[in-house]
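Basis for what follows: all heavy atoms, side chains included, without hydrogens, waters or symmetry-related copies. A note on names: the letters A, B, ... follow the listed sequences, proteins ahead of strands, and every chain is numbered from 1.
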Number of protein chains: 2
Amino acid sequence: MLRGDITVAIRTAVMNELAEVGYGRLSIEAVARRAGVGKTAIYRRWSNKLEMVLEIISDVAERKVPLPDTGSFAGDLELLMMIVSRALQHRIASQIIPDLMAEAARNPQIAETLQRALRTHQQAVGEKLVGQAVARGELPEDTDADLAVDLILGPLYWRLAVARQPLGDDDLEKLAAAVTAALRASSD
Amino acid sequence: MLRGDITVAIRTAVMNELAEVGYGRLSIEAVARRAGVGKTAIYRRWSNKLEMVLEIISDVAERKVPLPDTGSFAGDLELLMMIVSRALQHRIASQIIPDLMAEAARNPQIAETLQRALRTHQQAVGEKLVGQAVARGELPEDTDADLAVDLILGPLYWRLAVARQPLGDDDLEKLAAAVTAALRASSD
DNA sequence: GTACGACGTAACGGTTGCGTTCCGCCGTTT
DNA sequence: AAACGGCGGAACGCAACCGTTACGTCGTAC
């Protein structure tokens with residue numbers, strides 16, 4: 001019964017509004033204005049701001065990242081880091097993600113939604129990446145997948161989302177090499 | 001002329017309010033209420049919310065971190081990571097920092113203030129740490145100090161401020177060992 | 001062609017915050 | 001003793017947004 005095109009307009013309006021003003025200052029009225037839609041159309045779909053954002057965000061966040069398998073750990077790692085760095089340099093994502101992360105620190109529902117989306121996929125990616133490398137003999141058997149995830153995503157997130165410094169291909173290579181060295185030695 | 005005790009009350013109220021509701025929803029009225037102070041006392045000191053927060057934050061952020069020098073790179077690194085992890089696990093800091101980081105993405109003035117505070121100190125710490133280690137022959141001469149900072153702070157920030165998973169002393173050791181290995185190999 | 005229902009518009013009363021102003025109080029300075 | 005000035009409190013007009021309601025339009029299903 002609800003018109004699909006209008007739902008889409010609202011969803012993209014929410015994303016853009018989130019990027020521009022953040023969750024804290026996001027207002028239903030502004031979303032309606034931006035989407036060219038009446039407030040009623042929004043309240044017909046969701047009962048309040050939190051519910052609306054949660055539904056839209058979790059929908060976007062749960063789109064799976066393709067798990068790399070290039071045949072070598074170095075290749076997998078570089079591909080993964082490339083994908084993540086591209087994502088974190090995307091205009092909207094780079095605004096929304098840190099904002100929601102910060103919001104999650106004080107809103108358990110947002111935290112849970114993000115954790116489910118992030119952790120599930122990232123942990124899976126990390127475990128697959130490490131598992132493949134261990135199976136190939138490229139990494140020690142006792143390699144810690146969680147540690148690997150921290151080492152891979154941490155510097156990328158820090159550099160791109162926090163320090164907000166551009167990351168060139170050469171930087172990416174250096175980073176990948178460093179992470180590889182770190183994990184190779186991790187059984188010491 | 002302005003009473004110092006009142007200024008202090010306002011400052012701490014701002015910090016607590018920032019931690020609880022974030023910059024986006026921080027209101028002068030709430031700060032005044034929390035500080036047990038009239039709005040006039042606030043407007044007598046700052047002309048608006050942005051100016052107030054910037055002044056207070058930059059004041060706090062510019063308190064220098066003691067630069068470690070334990071005599072060995074491993075010692076320096078572990079000490080630094082311990083200090084940073086302690087700071088990031090502090091209740092108020094762990095709420096305020098990601099929030100302001102996210103806000104910085106859309107407010108150039110906040111971005112500049114944070115960059116100045118963060119970058120200046122972190123870069124200095126990174127360069128000193130790496131410099132000492134290189135001088136002692138513990139790291140290759142061409143070690144990239146920026147890369148080192150990314151590798152040291154990235155995983156910590158990711159783990160504590162983003163993923164919000166506790167970091168035990170053993171995890172810290174593993175992380176430090178991994179970073180050391182990464183940097184040792186970075187001249188390859 | 002009639003009934004249904006989602007749509008936009010407009011308005012509602014209520015809340016919150018803005019930045020400003022005026023007041024009376026009170027401690028300090030002179 | 002008098003003047004000064006920061007203080008809290010209260011109220012101002014204004015703006016934004018909340019969540020809800022009523023209304024008229026329009027496309028679709030029956």
Base, sugar-phosphate, or nothing: which does B:Thr40 touch, judged by heavy atoms less than 4.0 Å apart?
-> base

Could you tell me whether the side chain of A:Lys39 has a donor or acceptor atom within less than 3.5 Å of a complementary atom in the base of C:dG8?
-> no

Looking at [X], I'd like to know whether one of its side-chain N or O atoms comes within less than 4.0 Å of OP1 or OP2 on [N].
{"X": "A:Arg45", "N": "C:dC7", "result": "yes"}
{"X": "B:Arg3", "N": "D:dG8", "result": "no"}
{"X": "B:Arg25", "N": "C:dG17", "result": "no"}

How many whole angstroms separate atom [atom1] of [X] from atom [atom2] of [N]?
{"X": "A:Asn48", "N": "D:dT20", "atom1": "CG", "atom2": "P", "result": "10 Å"}
{"X": "B:Tyr43", "N": "C:dT20", "atom1": "OH", "atom2": "C1'", "result": "9 Å"}
{"X": "B:Ile42", "N": "D:dG9", "atom1": "CD1", "atom2": "C1'", "result": "14 Å"}
{"X": "B:Arg33", "N": "D:dG9", "atom1": "CZ", "atom2": "P", "result": "12 Å"}
{"X": "A:Leu2", "N": "C:dG8", "atom1": "CG", "atom2": "P", "result": "11 Å"}
{"X": "B:Met1", "N": "C:dT30", "atom1": "CE", "atom2": "P", "result": "11 Å"}
{"X": "B:Met52", "N": "C:dG19", "atom1": "CE", "atom2": "P", "result": "10 Å"}
{"X": "A:Arg44", "N": "C:dC4", "atom1": "CZ", "atom2": "C1'", "result": "13 Å"}

Shortest non-hydrogen separation from B:Glu78 to B:Ala176 and the atoms involved = CG-CB, 4.3 Å

Which pair of heavy atoms, one from A:Glu141 and one from A:Val134, lies closest together, and at what distance?
-> CA-CG1, 3.9 Å

Nucleotide of C:dG19, D:dC7, C:dG8 approaching A:Ile6 most closely (side-chain heavy atoms) | C:dG8

Per atom distances to the A:Glu29 side chain, the nearest of C:dG8, D:dC18, D:dG8 is D:dC18

Kindly check if the number of other-residue, nucleotide or ligand heavy atoms within 6.0 Å of CD (A:Gln109) is above 12?
-> no

Working for side-chain contact (heavy atoms from CB on, under 4.5 Å), residues A:Asp76 and A:Arg136 = CA-CA 12 Å; A:Asp76 287 355; A:Arg136 288 193 206 104; 3.6 Å; yes

Is the side chain of A:Lys49 donor-acceptor paired with the backbone N or O of A:Leu26 at a distance under 3.5 Å, no angle test?
-> yes

